[in-house]
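Below is one structure, written out as structure tokens, with a few remarks after it.
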Amino acid sequence: MEKEININDLPIYSPWCAEIMGGEEKGVHYKNPQQVQREYNEEKWKAICNILEKEPQIRLSELEDKVFGDELIPAYLNEKFILVEEKEERKKLYEFYLGKMTPFLLDMECLVELGSGYGSIILNLASRASLGGAKLFSGEYTANGLRAQERLARNEGIDIALGECDFFSLTKSSIFNAAKNGVVFTSWALAYVPQLTSSIIDWFSEFQPQYVIHFEPCYEYYSLESLHGLMCRRYMQINDYNRNLVSVLKEAETKKRIKIEYIGKNLWGSNPFAPISMIVWKPLC
């Protein structure tokens with residue numbers, strides 16, 4: 001089921017409206033390594049691991065049928081607000097990633113996701129996309145995320161190299177030394193670093209990638225001239241999500257360090273107050 005709604009309907013379906021508009025002021029939900037570990041390692045990905053412990057042979061689609069239900073949720077797509085079943089929105093999201101990434105996956109030697117959670121996106125891409133024998137690498141910040149990925153990849157029969165990566169300290173496992181001449185991507189991962197520095201460009205460039213692709217909510221792409229854009233900015237502020245990714249990339253391009261190949265603004269919002277943009281770039285040196 002999918003139904004178009006308007007911005008005035010959002011308070012019915014999202015408690016965030018009241019907080020964004022100041023009706024339920026709870027302060028800023030600051031992002032730092034400890035908070036990210038608590039939210040994901042100790043809560044969300046631990047819950048995934050608990051399912052895998054009870055059902056060690058479960059497939060990814062079966063697991064996600066347990067995690068994502070039939071509840072109607074508000075989402076944002078093609079500049080419209082919609083109501084859609086949670087599990088249906090997730091399936092549409094994977095098709096979105098596949099469609100957007102496919103043109104950039106030609107002739108690559110590897111596909112690398114960084115900040116990959118329990119592996120939902122890269123494992124779905126591996127099962128759906130024609131990757132031409134490219135090697136798969138996945139980097140994740142949390143131990144429980146890597147633990148879940150290892151089990152799910154085994155259950156799916158997917159060969160993938162797993163290792164730690166940390167956007168706060170800009171470190172990564174040595175397994176990524178072999179991840180060259182490929183496509184490196186992030187999805188809702190850089191969002192957890194409130195302020196990036198130019199060092200992030202060097203860090204990604206170490207992969208010697210054909211392309212780097214970011215599917216991230218971009219604060220600077222939310223309009224100051226629309227109610228929705230202002231609400232999105234306020235949502236990002238309240239949650240202490242990243243607010244300078246676009247500036248960092250633009251500065252690097254100005255300095256001839258990278259070339260931005262594609263920008264798609266506010267393409268998809270599983271959360272209507274944080275639609276993700278797609279930015280594709282390549283290093284020049």
Side-chain angles (χ1 to χ4, degrees), residues 1-7 9-10 13-14 16-17 20 44 60-61 64 67-105 111 113-129 183-193 211-223 226-236 238-239 241-243 245-246 249 260-281:
M1 174 184 173
E2 181 180 311
K3 175 185 176 183
E4 185 174 345
I5 59 176
N6 64 55
I7 196 167
D9 296 318
L10 291 178
Y13 302 102
S14 175
W16 276 109
C17 289
I20 288 170
K44 293 182 178 179
L60 178 58
S61 61
E64 293 194 322
V67 174
F68 302 103
D70 299 324
E71 177 186 0
L72 289 174
I73 62 169
Y76 182 81
L77 176 62
N78 296 327
E79 300 184 348
K80 296 178 181 179
F81 301 104
I82 61 171
L83 277 183
V84 62
E85 290 183 357
E86 187 179 30
K87 64 173 59 177
E88 183 63 25
E89 189 277 334
R90 195 71 183 183
K91 293 174 183 177
K92 289 177 179 288
L93 180 64
Y94 295 141
E95 292 298 329
F96 165 79
Y97 279 111
L98 180 61
K100 289 294 183 181
M101 290 187 68
T102 294
F104 299 97
L105 301 182
L111 179 63
E113 182 179 9
L114 300 174
S116 52
Y118 65 93
S120 58
I121 296 172
I122 193 165
L123 294 178
N124 265 285
L125 284 172
S127 64
R128 296 168 185 236
V183 173
V184 180
F185 76 98
T186 70
S187 172
W188 257 105
L190 294 179
Y192 287 86
V193 183
Y211 298 105
V212 178
I213 303 177
H214 300 303
F215 293 99
E216 302 285 346
C218 293
Y219 178 86
E220 294 152 294
Y221 287 155
Y222 298 142
S223 175
S226 75
L227 177 59
H228 181 231
L230 291 170
M231 293 178 78
C232 290
R233 284 185 173 233
R234 182 59 182 151
Y235 177 83
M236 299 287 280
I238 290 171
N239 286 284
Y241 288 129
N242 176 265
R243 296 183 288 282
L245 171 60
V246 174
L249 293 175
I260 297 176
E261 299 282 349
Y262 171 82
I263 297 172
K265 298 179 181 179
N266 305 326
L267 300 174
W268 188 286
S270 298
N271 179 331
F273 302 116
I276 57 174
S277 295
M278 179 183 179
I279 305 176
V280 183
W281 61 273

Has the side chain of Asp9 got a donor or acceptor atom that lies under 3.5 Å from a matching backbone atom of Asn6? yes
What's the separation between atom CD1 in Ile279 and atom CD1 in Ile213, rounded to the nearest 0.5 Å? 11.5 Å
Sub-3.5 Å donor-acceptor pair from the side chain of Thr186 to the main-chain atoms of Ala189, do we have one? no
Side-chain contact, heavy-atom cut-off 4.5 Å: Val280 with Ile260? no
Are the aromatic rings of His228 and Tyr222 close, with centres under 6.0 Å apart? no
Please name the pair of heavy atoms, one in Leu190 and one in Asn242, separated by the smallest distance, quoted to 0.1 Å. O-CB, 3.5 Å
Under 3.5 Å side-chain donor-acceptor pair for Glu216 and Ser187: no
Closest non-hydrogen atom pair between Met101 and Leu111, with its separation: CE-CD1, 4.1 Å
List the steps, then state whether side chain to side chain donor-acceptor pair (under 3.5 Å) holds for Tyr235 with Asn271. CA-CA 10 Å; Tyr235 177 83; Asn271 179 331; 2.9 Å; yes
Determine whether Leu245 and Tyr219 make a side-chain contact, defined as any pair of heavy atoms from C-beta on separated by less than 4.5 Å. no
Euclidean distance, Phe185 CZ relative to Ser116 OG, rounded to 0.5 Å: 8.0 Å
Pair Phe96 and Trp268, ring centroids less than 6.0 Å apart: yes
What distance separates Leu83 CG from Ile5 CD1, expressed to the nearest 0.5 Å? 4.0 Å
The test is side-chain contact (heavy atoms from CB on, under 4.5 Å); show your working for Leu72 and Tyr13 and say whether it passes. CA-CA 8 Å; Leu72 289 174; Tyr13 302 102; 5.6 Å; no
Any sub-3.5 Å donor-acceptor pair from Thr102's side-chain atoms to Gly99's backbone N or O? no
Would you say the side chain of Glu261 lies within less than 4.5 Å of the side chain of Tyr211, judging by non-hydrogen atoms? yes
Regarding Ser120 and Arg90, is there a side-chain donor-to-acceptor distance under 3.5 Å anywhere? yes
Are the side chains of Trp188 and Pro217 in touch, meaning some heavy atoms are under 4.5 Å apart? yes
Step by step, would you call Asn124 with Glu64 a side-chain contact (heavy atoms from CB on, under 4.5 Å)? CA-CA 11 Å; Asn124 265 285; Glu64 293 194 322; 4.0 Å; yes
Expected output: side-chain Arg128 to main-chain Ala126 donor-acceptor under 3.5 Å: no
Is there side-chain contact between Tyr76 and Ile82, with at least one heavy-atom pair below 4.5 Å? no
Can we say Glu71 and Lys87 salt-bridge, meaning some charged N sits less than 4.0 Å from an Asp/Glu carboxylate O? no
For Tyr192 and Tyr241, I'd like to know if the aromatic rings sit close, meaning centre-to-centre distance below 6.0 Å. yes
Sub-3.5 Å donor-acceptor pair from the side chain of Asn266 to the main-chain atoms of Ser277, do we have one? no
Heavy-atom check, side chain of Glu88 versus side chain of Asp70, under 4.5 Å: no
Quick one: closest heavy-atom pair of Ser14 and Pro74, and the distance? CB-CG, 4.3 Å
Do the rings of Tyr262 and Phe104 sit parallel, tilted or perpendicular, given the 30° and 60° boundaries? tilted
Should Val84 and Ile73 be marked as a side-chain contact (heavy atoms from CB on, under 4.5 Å) after you check the CA-CA gap, both sets of side-chain angles, and the distance that decides it? CA-CA 6 Å; Val84 62; Ile73 62 169; 4.2 Å; yes
How long is the straight-line distance from CD1 of Ile121 back to CG of Leu98, given to the nearest 0.5 Å? 12.0 Å
Working to the nearest 0.5 Å, report the span between SG of Cys218 and CZ of Arg243. 13.5 Å
Hey, can you tell me if Tyr97 and Phe215 have their rings parallel, tilted or perpendicular (30° and 60° cut-offs)? perpendicular
Where Ile238 and Trp16 come nearest, the two heavy atoms and their spacing: CG2-CZ3, 4.0 Å
Checking side-chain hydrogen bond (donor to acceptor under 3.5 Å, both in side chains) against Ser270, which of Lys92, Glu86, Glu89 comes through? Glu89
Taken to the nearest 0.5 Å, the spacing of Lys265 NZ from Leu267 CG works out to 11.0 Å
